[in-house]
Amino acid sequence: MENLVKNEQESPKRKKRKIEDEDEDGDREEEEEEEEEEEEEEVLDSMALWFTNDEEEDEDGGRDGFSDECETEDEDDDDEEEVVDSMALWFTNDEEEDEDGGRDGFSDECETEDEDDDDEEEVVDREKKKQKDPKWSSLEHKGPVFAPPYERLPETVKFWYNGEEMRLSEEAEEVACLYAKMLDDEHTTEEVFNKNFFEDWRNVMTDEEKGKITEFEKCNFKDMNTHIKREKTDEEKLALKEKNDELLKEYGFCKIDGRKEKIENKIEPPSLFIGRGEHPKMGRLKKRVEAEDIIINCGKDSKIPKPPPGHKWKEVRHDQSVSWLASWIGNVQNKTKYIKLDPSSKLKGETDKQKYETARKLHKNIEKIRKDYRDDWKSKEMRIRQRAVALYFIDKLALRAGNEKDEDQADTVGCCSLRVEHIELHEQKDDKEHVVVFDFLGKDSIRYYNEVPVEKRVFKNLQLFMDNKAPGDDLFDRLNTSIMNKHLNDLMEGLTAKVFRTYNASWTLQQQLDLLTNEDDTVAEKILSYNRANRAVAILCNHQRSVPPEVYKKNMEKLKEKIDAIREQISEGERKVKEAQRDAKLDSDKKEKEKETKLKHQLAELEIEKRNSNENKTESLNTSKLDYNDPRITVAWCKKYDVPIEKIYTKSQMERFGWAIVEAGPDYRF
DNA sequence: ATCGACACTTAGTAACAGCAGA
DNA sequence: TCTGCTGTTACTAAGTGTCGAT
């Protein structure tokens, strides 16, 4: 049971080997030269060896006729014309599609003119630009909604220490309640969680309490737990809801550029931190946030929000270059948190649209980019090869970029931070050639497992990258996300690694919708097709959702029943076949055999289904729907096939995608 | 290059609400 | 009318990517 619920692997020991550059001068950036002898179509396979030239040489010096010959031979694409075409297109786009250029009536000219000036002026210019490129011109709000204040426990509810009841000080009691509330949560069985909690709890205790409460094992929160978890009466619930609604009415909106718009979130109440996966900080106390922690951001001549009585803000500023209304620093991770506009806001809608526009631009350039990185697989420079193979993964598999992470976070990776231990190479696997098996924990410690047949050249490159490395070493030791993104930006303005995910997701949705939708289907059937297309995207992006244990168990039972039923049918069939054979009734024998193969096929599929759901995870369609699928594709599909949009989008999704619903006609193409 | 601060997007899960069937 | 399931929303963690300082 336990291991069914958990999907996490053992987190591998993190061991980052810094690859020191031998460069004494520190100045030099020349790379070692790698020579490739591999011939296309394994003509000279035995000669496929690599050697490193430690001697520093300039690019041309290292080139012998050998590699030239190789390159010419390797030219497998005969679509040179097309390449030229798309290149031309690319340059044209670059000139013309300067979308931001004209915004707000500020012309590019003045920027270009200023460029020649010296550094000081440049700084001033940047400042000016920041001012000139505001996200809003007026912003007024009433300040954030604070967490409800702590209410003390009734005297009758006790905390017990070492068998004795104890009345705690207000602060110690508040924090104890946070733990008590979680008693039946799995986390409280984890050692790290308890250790962190106890440490932080002791920090808020009075000296007296600190002296007494020294061993976590002697604490008993059971009474508090039952009190906190008691069912609320209907009146209580109603009162709570009313109070909440009122608060939201007053504080849940702001006025930005004359529009009244929803605010997305409130100040986070105190709690015990729960990270994802094996987080070293689980159980730490997330402290209550006070006005004194909060920076207010609003328009210069707007009404400044009032802090709660007896309090004052940490700071009030008027920064038009950002879109947040208030911010504070979370004490657990030491990261800034924001009160933000709701996704339904105009500002959010605009940036959302911009994201999809960049992805569409990538679509126009993708052929050239793909050709480029395929060429780079043959590069003489290691760093370029690594970059090219990584980009191939980002494009083909929609992997995330993979920034470096701190030690005090869960150990997860993305493309650029993959380690040798995260992939396995198989020359041959299940009658497929050159298979790479990916197995690693990605964002939110969600496991990514994929068996991918790749081009031989990629395979050979990976072998090279892994040569002489320990499992904990970086696969792409000459690469990180900023190198990758810098390169991508050179290929296309605005291009970064994440754009590939957006692009491939939206493109997949459109392709699948084209493929799966039948005009004459009923609305229900069309919706089914939509969900299938959506599911394809979720699978591409590895979006998962865990099924609660009880539900999971029930589903498994159902599945098992089905399997048993089919097994029964098969053995029944076999019996009939035998009978038929005995009676020499060839005709019915054949029919039964057909039936049998069909049933066996069904059985195999069910077994696969069982194996899949064994992971206790299934695709989550929501994330792709919200963040990856250009809503205009969906809107266009609905309009084209007469499916009411509200069958696809919920109320809040309709608000969020309002811009797309207005904009996209039935013929919109991504 | 490398780092940290910062702003913003993307992500899974808990809690809630609403509805169908007993 | 209750109950159990399901879709939706609330919540906030965990990514990405940029920028300026060192």
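Below, chains carry the letters A, B, ... as their sequence lines are ordered, and counting in each starts from 1. What's counted below: heavy atoms across the whole structure, side chains too, no hydrogens, waters or symmetry copies.
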### Query
Just by modelled atom types, is the Met224(A) backbone N or O under 3.5 Å from a matching donor or acceptor in the Lys229(A) side chain?
no

### Message
Nearest to the Lys348(A) side chain among dA11(B), dT9(B), dT9(C), which nucleotide is it?
### Response
dT9(B)

### Message
Checking side-chain polar atoms at under 3.5 Å, does Asp319(A) have a donor or acceptor matched by the opposite partner on Ser321(A)?
### Response
yes

#### Entry: Under 4.0 Å protein heavy-atom contact, by nucleotide of nucleotides 16-21 of chain B - B base, S sugar-phosphate only
-S----

### Query
Does a side-chain N-to-carboxylate-O contact under 4.0 Å join Asp342(A) and Lys348(A)?
no

### Query
Any salt bridge between Asp245(A) and Lys249(A), counting N to O under 4.0 Å?
no

### Query
With a 3.5 Å cut-off and no angle check, do the side chains of Asn629(A) and Thr634(A) form a donor-acceptor pair?
no

### Message
Under 4.0 Å, counting only non-hydrogen atoms across every strand here, what does Pro269(A) touch: a base, just sugar-phosphate, or nothing?
### Response
sugar-phosphate

Check nucleotides 13-16 of chain C against the protein and report each pair of N or O atoms closer than 3.5 Å, with its distance, or say if there are none.
from: dA13(C); atom 1: OP1; to: Lys286(A); atom 2: NZ; distance (Å): 3.0
from: dA13(C); atom 1: OP2; to: Lys337(A); atom 2: NZ; distance (Å): 2.3
from: dA14(C); atom 1: OP1; to: Arg276(A); atom 2: N; distance (Å): 2.6
from: dA14(C); atom 1: OP1; to: His279(A); atom 2: ND1; distance (Å): 3.3
from: dA14(C); atom 1: OP2; to: Gln333(A); atom 2: NE2; distance (Å): 2.9
from: dG15(C); atom 1: OP1; to: Lys405(A); atom 2: NZ; distance (Å): 3.4
from: dG15(C); atom 1: OP1; to: Thr412(A); atom 2: OG1; distance (Å): 2.8
from: dG15(C); atom 1: OP1; to: Asp444(A); atom 2: N; distance (Å): 3.2
from: dG15(C); atom 1: OP2; to: Lys405(A); atom 2: NZ; distance (Å): 2.6
from: dT16(C); atom 1: OP1; to: Ala401(A); atom 2: N; distance (Å): 3.3
from: dT16(C); atom 1: OP1; to: Gly402(A); atom 2: N; distance (Å): 2.8
from: dT16(C); atom 1: OP2; to: Asn403(A); atom 2: N; distance (Å): 3.0
from: dT16(C); atom 1: OP2; to: Asn403(A); atom 2: ND2; distance (Å): 3.1

### Query
Reckon Thr351(A) touches a base, only the sugar-phosphate, or nothing at all at heavy-atom distances under 4.0 Å?
sugar-phosphate

### Task
Kindly say if Ser482(A) contacts the phosphate of dG17(C), meaning a side-chain N or O under 4.0 Å from OP1 or OP2.
no

### Message
Please report the distance, rounded to the nearest Å, between OH in Tyr448(A) and P in dA11(B).
### Response
13 Å

### Query
Reckon Tyr338(A) touches a base, only the sugar-phosphate, or nothing at all at heavy-atom distances under 4.0 Å?
base

### Task
Report the nucleotide, chosen from dC6(B), dT8(C), dA11(B), that has the shortest atom-to-atom distance to any side-chain atom of Thr650(A).
dT8(C)

